[in-house]
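Below you'll find the structure, written out as structure tokens, and then a few comments.
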Amino acid sequence: MNALRHVYWIGGGTGAGKSTIARRIAARHGLRVYATDDVMADHSGRTTPGDSPYLSEFKAMDMDERWLNRSPETMLETFHWFRGEGFGLIVEDLLRLPAEPRVIVEGFRLLPHLVEPLLAAPGRAVWLLPTPGFRRAALDSRGSTWSIAGRTSDPERALRNLLERDRMFTGRLREETRALGLCGIEVDVAMTEAELEGRVAAALGL
């Protein structure tokens, strides 16, 4: 998409290091960071039940209904951001940004099949695919492991559900990137931030 030729994309699974790597690359190359996590509340408020039915259902649930009373498979299939709801608002935001400085957009909401038609070139996007061990270590290091699960009536089971849902989501991203011929980078606990930054920058041609 010519209008977004100045945009680089970093998607991936939860806890993969997307935000950290985007900030490091932006600082090194003089890019603007657009973090999709930061605009989720704004985008949620800009949607309607008609264009985001899964989000509407999610908002109506309490924490146990969201994370305990449904299987990880159902949580995966019905989670609004995983369904691509609100992705059009990301595009609208990006189109409003000036072409300079160039933009690096990051977040788990960047689904490969939605991003691929917008790419100025296939090498402008990369997806980070964390192992379960890396994801858990990342959450623990941030202190966010229990931020959602801890607000349910059974935090340990809720955490298991969340981690399994996220494992399956990463698997879906892996399959999609391969099918579309896009770049996916496996991220495990042996990889340093500097190594991951180097691999992502190289993949993006920076």
Side-chain angles (χ1 to χ4, degrees), residues 1-19 21-23 25-26 29-56 58 76-130 165-166 168-187 196-197 199-206:
M1 186 175 183
N2 199 47
L4 296 177
R5 61 188 180 280
H6 58 294
V7 177
Y8 299 86
W9 310 75
I10 301 179
T14 304
K18 299 178 295 298
S19 299
I21 298 305
R23 287 194 300 268
I25 290 177
H29 297 277
L31 307 180
R32 178 200 306 266
V33 175
Y34 175 94
T36 61
D37 281 11
D38 292 349
V39 293
M40 285 194 294
D42 173 63
H43 288 180
S44 175
R46 289 162 60 189
T47 63
T48 67
D51 56 36
S52 296
Y54 288 101
L55 174 57
S56 181
F58 186 81
L76 174 69
E77 295 299 334
T78 61
F79 189 56
H80 43 285
W81 304 134
F82 292 173
R83 302 287 303 192
E85 291 186 348
F87 183 78
L89 297 176
I90 293 174
V91 177
E92 287 180 17
D93 290 350
L94 293 173
L95 289 171
R96 282 196 291 266
L97 295 176
E100 292 293 337
R102 294 171 297 170
V103 177
I104 188 162
V105 54
E106 62 86 10
F108 71 87
R109 296 170 61 191
L110 307 180
L111 307 180
H113 70 278
L114 297 178
V115 172
E116 191 271 339
L118 306 178
L119 296 177
R124 286 296 185 93
V126 63
W127 279 263
L128 306 185
L129 309 171
R165 182 205 65 163
D166 289 344
M168 291 189 295
F169 177 61
T170 298
R172 177 172 293 179
L173 294 177
R174 183 179 293 109
E175 293 172 1
E176 264 197 38
T177 52
R178 287 175 180 170
L180 294 170
L182 299 170
C183 180
I185 296 177
E186 302 287 336
V187 185
L196 183 55
E197 178 192 350
R199 289 193 61 182
V200 172
L204 296 175
L206 294 168

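One distance of note links CG of Asp42 with OG1 of Thr47; it measures 10.0 Å at 0.5 Å rounding. For the atom pair CG of Leu180 and CG of Leu111, the computed distance is 11.0 Å after rounding to the nearest 0.5 Å. The distance from the CZ atom of Arg174 to the CG atom of Leu129 is 5.0 Å, given to the nearest 0.5 Å. Between the CD1 atom of Ile25 and the CG atom of Leu206 there is a distance of 6.5 Å, given to the nearest 0.5 Å. Distance CZ/Arg199 to CD/Glu186: 8.5 Å, rounded to 0.5 Å.
Between Trp127 and Leu182, some side-chain heavy-atom pair lies under the 4.5 Å cut-off. The shortest distance between side-chain heavy atoms of Thr170 and Thr14 does not fall below 4.5 Å. Glu116 has its side chain out of reach of Pro122: every pair of non-hydrogen atoms, C-beta onward, lies at least 4.5 Å apart. Looking at heavy atoms from C-beta onward, Leu55 lies in side-chain contact with Ser44 at the 4.5 angstrom threshold. Within the 4.5 Å cutoff, the side chain of His43 has heavy atoms near those of the Asp93 side chain. Inter-residue side-chain proximity for Tyr8 and Val105 is flagged as unmet; no heavy-atom pair is nearer than 4.5 Å. Counting heavy atoms from C-beta on, the side chains of Trp9 and Leu4 come closer than 4.5 Å. Proximity of Leu114 to Ile90: side-chain heavy atoms (C-beta onward) are nowhere separated by under 4.5 Å.
Note on Glu100 versus Arg32: no salt bridge recorded, every NZ/NE/NH1/NH2 to OD/OE distance being 4.0 Å or above. A salt bridge does not link Asp51 with Arg46: every distance from a Lys NZ or Arg NE/NH1/NH2 to an Asp or Glu carboxylate oxygen is 4.0 Å or more. Salt bridge annotation for Glu197-Arg23: absent, with no cationic side-chain nitrogen under 4.0 angstrom from a carboxylate oxygen.
A donor-acceptor contact closer than 3.5 angstrom links the side chains of Glu106 and Ser19. Using modelled atom types, one finds no donor on one side chain facing an acceptor on the other under 3.5 Å when comparing Arg102 with His29.
Judged by the 6.0 Å and 45° rule, Arg109 forms no cation-pi pair with Phe87.
Ring planes of Phe108 and Phe82: perpendicular class, angle over 60° (limits at 30 and 60°).
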